[in-house]
Amino acid sequence: MRIAVEGCMHGDLDNVYKALQYMEQVQNIKIDLLLCCGDFQAVRNEYDLKSLNVPPKYRAMNSFWKYYSGAEIAPYPTIFIGGNHEASNYLWELYYGGWAAPNIYFLGVAGVVKFGNIRIGGLSGIYNARHYRLGHYERPPYNEDTIRSVYHVREYDVQKLMQVEEPIDIFLSHDWPVGITDYGNWKQLVKFKPFFEKEIQERRLGSKAAAELLEKLKPPYWFSAHLHCKFAALVQHGEGGPLTKFLALDKCLPKRKFLQVIELEAEPGPYEIHYDEEWLAITRRFHEIFPSTAKNANYGNLRLQMQDCRQWVQSRLKERGAKPFEFVMTVPCYDPSRSVSNSPLAGCNRNPQTESLLKFLELPYLLDDISESGPSDLGSFVNSEDIQIDDIDDGDEESAEPEDA
């Protein structure tokens, strides 16, 4: 199985797919899957742009809307995670994962799926200590504060991933695990990105949550993006323990290192994306403490015995099958023939895929619960020592996205 990995997409699906098709032609190979490490920008129409945390002058429709509408079909099965420049209102509809467009699958805020017999996990967003221990209190339409905090990684989603016991083959995160530079040529990195050196020395470059997951999951492959440069590392987990090959990739720009193809041993195809049994069991077990306000989940009341839940999920999947529920359009798509779309500005849509998955798992829908606490009363949940400016995109002078401070 050949899997292509791409760094930050920034909505440029057309050029990434063209690059892969050219690679196939020149190298006489077949690529089975594309993975994207965030900043995918699944923008369907003008109103989705309002949920994209970039200044208005940098907002552009780019090309995802063509795949959402069906005007174009992704030539490769595509799986992506979220970053810090996303149509966050759309990704919130698909919190548990689902088809963002035909043949394009969002892994969810946190998630694990199977592609053939390859297990792929991922964590969306970027780490920020100010919000890590808060719940998911943000709801669209977002204000000036929540448009930034909505993509910050939450402890609840990390704790779900920490329950995974079966081997993960590939893991995706947008920002790098903190400390990963210890395992690669960081001196060469700071020659290219000199402003990283202080953060590396102070162990502030990257995500503490991702580092915890790397230590727990120990996947053979870990891919990241965010900092718009290529960086490789090899992590040895204990003496004689498993190895993780880490690779960060650039954004989609000419003459930049934004693509990598790996080859894995796998069962013969055809390959399809399927739900993962263990992950659905974890999702079902954790749902009862889902933190829909700024208050964090109460993990002390959670019963983590998974065997009965796993057997229940296994039985349900045997009855229905493991294919994800089908893609459904939930808003009118961008129409380039009109200067402004006539579609209404939606608040928090219920995506039929999410509704169907929760019904399948016999769980209530909680994503549109009205938050009981928001930015005005976060003081009791935030440790003042955790406040830091760490939402920086990359400081890359060639990037269209300004630093997110």
Side-chain angles (χ1 to χ4, degrees), residues 8 10-11 38-44 47-56 58-59 80-98 100 106-111 122-158 160 173-175 207 209-210 226 290-297 330-331 345-351 354 365-378 381-382 386-393 401-405:
C8 295
H10 290 287
D39 283 358
F40 189 81
Q41 296 185 10
V43 176
R44 302 164 294 179
Y47 291 111
D48 280 355
L49 289 174
K50 297 178 185 293
S51 292
L52 191 68
N53 184 30
V54 297
Y58 293 116
R59 293 174 180 169
F80 73 97
I81 58 168
N84 58 311
H85 298 299
E86 302 290 359
S88 296
N89 60 326
Y90 187 27
L91 299 193
W92 182 248
E93 289 181 25
L94 296 171
Y95 170 85
Y96 302 97
F106 174 48
L107 200 52
V109 173
L123 177 68
S124 292
I126 62 172
Y127 179 81
N128 185 303
R130 288 171 290 176
H131 297 109
Y132 181 61
R133 290 186 172 85
L134 304 183
H136 289 288
Y137 65 87
E138 302 91 345
R139 298 291 182 276
Y142 304 111
N143 61 33
E144 187 176 342
D145 294 321
T146 59
I147 197 174
R148 293 188 174 201
S149 64
V150 67
Y151 54 71
H152 289 159
V153 169
R154 303 300 157 92
E155 183 181 25
Y156 173 79
D157 305 295
V158 174
K160 288 175 66 179
S173 67
H174 188 57
D175 47 358
S207 165
H226 189 46
F290 177 78
S292 60
T293 72
K295 188 175 181 179
N296 198 358
T330 54
V331 299
L345 176 58
C348 188
N349 287 321
R350 285 195 173 195
N351 194 295
T354 301
Y365 191 102
L366 302 177
L367 298 180
D368 52 9
D369 281 2
I370 301 299
S371 177
E372 296 174 4
S373 55
S376 63
D377 57 350
L378 292 183
F381 301 109
V382 178
D386 287 340
I387 295 177
Q388 56 191 15
I389 299 174
D390 61 357
D391 271 22
I392 293 175
D393 189 21
E401 298 78 30
E403 292 187 353
D404 173 30

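Note that the structure is a prediction, hence the values are computed from the model and not measured. One is the number of the first residue; the rest follow in order along the sequence.
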Backbone of I126 reached by a side-chain donor or acceptor of H152 within 3.5 Å: no

Partner residues of R44 under the salt bridge (charged side-chain N to carboxylate O under 4.0 Å, His left out) criterion, sequence neighbours left out: D48, E93

H131 side, atom NE2; Y137 side, atom OH - distance, nearest 0.5 Å: 4.0 Å

Validation row: W92, E138 side chains within 4.5 angstrom (heavy atoms): no

Least distance between heavy atoms, V150 atom then I147 atom: CG1-O, 3.7 Å

CA sep, side-chain torsions, deciding dist, call: D157, Y95, side-chain hydrogen bond (donor to acceptor under 3.5 Å, both in side chains): CA-CA 10 Å; D157 305 295; Y95 170 85; 2.5 Å; yes

Closest approach of E86 to G83 (non-hydrogen atoms, all atoms of both residues): OE2-N, 2.7 Å

Heavy-atom pair with the smallest gap, counting every atom of A42 and A87: O-CB, 3.5 Å

Flag side-chain contact, heavy atom, 4.5 Å: H226 against S173: no

Residues in side chain to side chain donor-acceptor pair (under 3.5 Å) contact with Y156, at least two apart in sequence or another chain: none

Rounded distance (nearest 0.5 Å) linking atom OG of S88 with atom CD of Q41: 10.0 Å

L91 to G82 - nearest heavy-atom pair and separation: CD1-CA, 4.2 Å

Minimal non-hydrogen separation, L107 against G122, with atom names: CD2-N, 3.3 Å

Euclidean distance, S292 OG relative to R139 CZ, rounded to 0.5 Å: 6.0 Å

With Y132 via ring-ring contact (aromatic ring centres under 6.0 Å, His included) - residues at least two apart: Y127

Straight-line distance of N143 CG to S149 OG, nearest 0.5 Å: 7.5 Å

Main-chain N/O of D39 paired with N84 side-chain donor or acceptor, under 3.5 Å: no

Counterpart residues, side chain to side chain contact (heavy atoms under 4.5 Å, CB included), relative to L49 (two or more places apart): V43, L52, R59, M61

Side-chain (S124) to main-chain (I81) donor-acceptor, under 3.5 angstrom: no

Residue pair L123 / A110: nearest heavy atoms and the distance that separates them: CD1-CB, 4.2 Å

Straight-line distance of L367 CG to N349 CG, nearest 0.5 Å: 12.0 Å

Pairwise distance CZ(R350) to OH(Y365) - rounded to 0.5 angstrom: 6.0 Å

Trace of the side-chain contact (heavy atoms from CB on, under 4.5 Å) decision for V109 with H136: CA-CA 11 Å; V109 173; H136 289 288; 4.3 Å; yes

Qualifying residues under side chain to side chain contact (heavy atoms under 4.5 Å, CB included), relative to L94, sequence neighbours excluded: Y90, A100, F106, N351, Q353, T354

